[in-house]
Amino acid sequence: QVQLVESGGGLVQAGGSLRLSCAASGTIFSINDMRWYRQAPGKQRELVASITSSGTTNYEDSVKGRFTISRDNAKNTMYLQMNSLKPEDTAVYYCNALIVPTPRASQFRYWGQGTQVTVSS
């Protein structure tokens, strides 16, 4: 069984910073791409940033230059450093990872439970 657990969310003032973590645990052979999504109240879930196993990153336009995604493959952990936060960044942030549990298994995309980020103006 694979679990993704996010941490690091909270309440911060506009202009502040937060660092989210997503730790994968359980039966894991390899982790391919990892992603951060977010969902604000009344809105659809959107992709914020992604990172491949080799470290190639992509960002949604509104977070470019403010957010940095990274990963520590030895720890099966992904991070999202969020700087210059704005009220419109308020959302539940979810981690997502494409994981191969065992060498003979197919890859499967797993989700974390989400962590709330609230940015006050």
Side-chain angles (χ1 to χ4, degrees):
Q1 192 75 357
V2 173
Q3 276 193 318
L4 297 180
V5 178
E6 301 102 332
S7 61
L11 173 64
V12 65
Q13 288 190 330
S17 298
L18 284 174
R19 188 192 194 208
L20 305 183
S21 299
C22 170
S25 63
T27 304
I28 297 172
F29 174 69
S30 66
I31 302 178
N32 296 323
D33 74 278
M34 302 183 80
R35 302 174 181 177
W36 285 102
Y37 286 80
R38 67 185 178 187
Q39 187 166 20
K43 295 188 177 181
Q44 288 189 330
R45 191 171 297 190
E46 65 174 354
L47 177 62
V48 176
S50 64
I51 184 167
T52 66
S53 56
S54 59
T56 301
T57 59
N58 277 290
Y59 298 92
E60 192 269 329
D61 285 347
S62 70
V63 308
K64 285 180 180 177
R66 300 188 298 123
F67 290 10
T68 302
I69 189 172
S70 61
R71 61 191 285 175
D72 184 332
N73 291 330
K75 297 181 178 180
N76 288 338
T77 300
M78 172 179 64
Y79 306 96
L80 186 68
Q81 177 66 43
M82 305 186 294
N83 298 329
S84 302
L85 282 161
K86 304 175 181 180
E88 50 263 44
D89 295 318
T90 295
V92 178
Y93 284 71
Y94 298 90
C95 72
N96 174 285
L98 191 60
I99 294 174
V100 180
T102 62
R104 295 180 181 271
S106 300
Q107 59 187 6
F108 187 82
R109 195 164 289 280
Y110 293 85
W111 289 91
Q113 82 288 351
T115 185
Q116 177 70 46
V117 171
T118 302
V119 184
S120 63
S121 57

For residues Pro87 and Ala14, report the shortest heavy-atom separation together with the two atoms involved.
CD-CB, 4.1 Å

What verdict does the side-chain contact (heavy atoms from CB on, under 4.5 Å) test give for Ser53 and Arg71, after you've listed the backbone C-alpha separation in whole Å, the side-chain angles of each residue and the deciding distance to 0.1 Å?
CA-CA 8 Å; Ser53 56; Arg71 61 191 285 175; 4.2 Å; yes

Which atom names give the shortest non-hydrogen contact between Glu6 and Gly114, and what distance separates them?
OE1-N, 2.8 Å

Among residues two or more places apart or on two chains, list those pairs meeting ring-ring contact (aromatic ring centres under 6.0 Å, His included) that have a residue in residues 33-55.
Tyr37-Trp111

Sub-3.5 Å donor-acceptor pair from the side chain of Thr77 to the main-chain atoms of Lys75, do we have one?
yes

Taking a hydrophobic cluster as the set of Ile, Leu, Val, Met, Phe, Trp and Tyr residues connected by side-chain heavy atoms closer than 4.5 Å, whether directly or through intermediates, do Phe108 and Val100 fall within one such cluster?
no

Residue pairs meeting salt bridge (Lys or Arg N to Asp or Glu O under 4.0 Å), one or both in residues 12-21, sequence neighbours left out, come to none

Could you tell me the separation between the CD1 atom of Ile99 and the CG atom of Asn96, rounded to the nearest 0.5 Å?
9.0 Å

Strictly distance-based, threshold 3.5 Å: is any side-chain N or O of Glu60 a donor or acceptor partner for the main-chain N or O of Lys64?
no

side-chain contact (heavy atoms from CB on, under 4.5 Å) evaluation trace for Val63 with Arg38
CA-CA 12 Å; Val63 308; Arg38 67 185 178 187; 4.0 Å; yes

Is there a path of hydrophobic side-chain contacts, each under 4.5 Å between heavy atoms of I/L/V/M/F/W/Y residues, joining Val119 to Leu11?
no

Shortest non-hydrogen contact from Pro101 to Ser106?
CD-O, 3.5 Å

Sequence neighbours excluded, every pair satisfying disulfide bond (SG atoms under 2.5 Å apart) that has a member inside residues 27-65:
none

Residue pair Gly9 / Val117: nearest heavy atoms and the distance that separates them
CA-CG2, 4.2 Å

Pairs in or reaching into residues 20-104: which pass disulfide bond (SG atoms under 2.5 Å apart), with residues at least two apart or in two chains?
Cys22-Cys95

Please give me the minimum heavy-atom distance between Leu85 and Arg66, naming the atom from each residue.
CA-NH1, 3.9 Å

Check whether Tyr59 reaches the backbone of Gly65 with its side chain - one donor and one acceptor, N or O, closer than 3.5 Å.
no

According to ring-ring contact (aromatic ring centres under 6.0 Å, His included), does anything in residues 76-95 pair up with another residue at least two apart or in another chain? List the pairs.
none

Within 6.0 Å of CD in Gln81, more than 12 heavy atoms from elsewhere:
yes

Check residues 24-34 and write down every donor-acceptor pair under 3.5 Å in which the side-chain atom is one partner and the other belongs to a residue at least two apart or another chain.
| residue | atom | partner | partner atom | Å |
| --- | --- | --- | --- | --- |
| Asn32 | ND2 | Gln107 | OE1 | 2.6 |
| Asp33 | OD1 | Arg109 | NH2 | 3.0 |
| Asp33 | OD2 | Arg35 | NE | 2.9 |
| Asp33 | OD2 | Arg109 | NH1 | 3.3 |
| Asp33 | OD2 | Arg109 | NH2 | 3.4 |

With the 4.5 Å side-chain cut-off for hydrophobic clustering, are Met78 and Val92 part of the same group?
no

Any side-chain heavy-atom pair from Thr115 and Leu20 closer than 4.5 angstrom?
yes

Look at Lys86 together with Asp89 and state whether they make a salt bridge at an N to O cut-off of under 4.0 Å.
no

Test applied, side-chain contact (heavy atoms from CB on, under 4.5 Å); reference residue, Leu18; option that passes from Asn83, Val12, Leu80:
Val12

Mind checking whether Tyr110 and Leu98 sit in one hydrophobic cluster, side chains of I, L, V, M, F, W, Y counted as touching below 4.5 Å?
no

I'd like to know if the side chain of Thr118 pairs up with that of Gln116 as donor and acceptor (distance under 3.5 Å, no hydrogens or angles considered).
yes

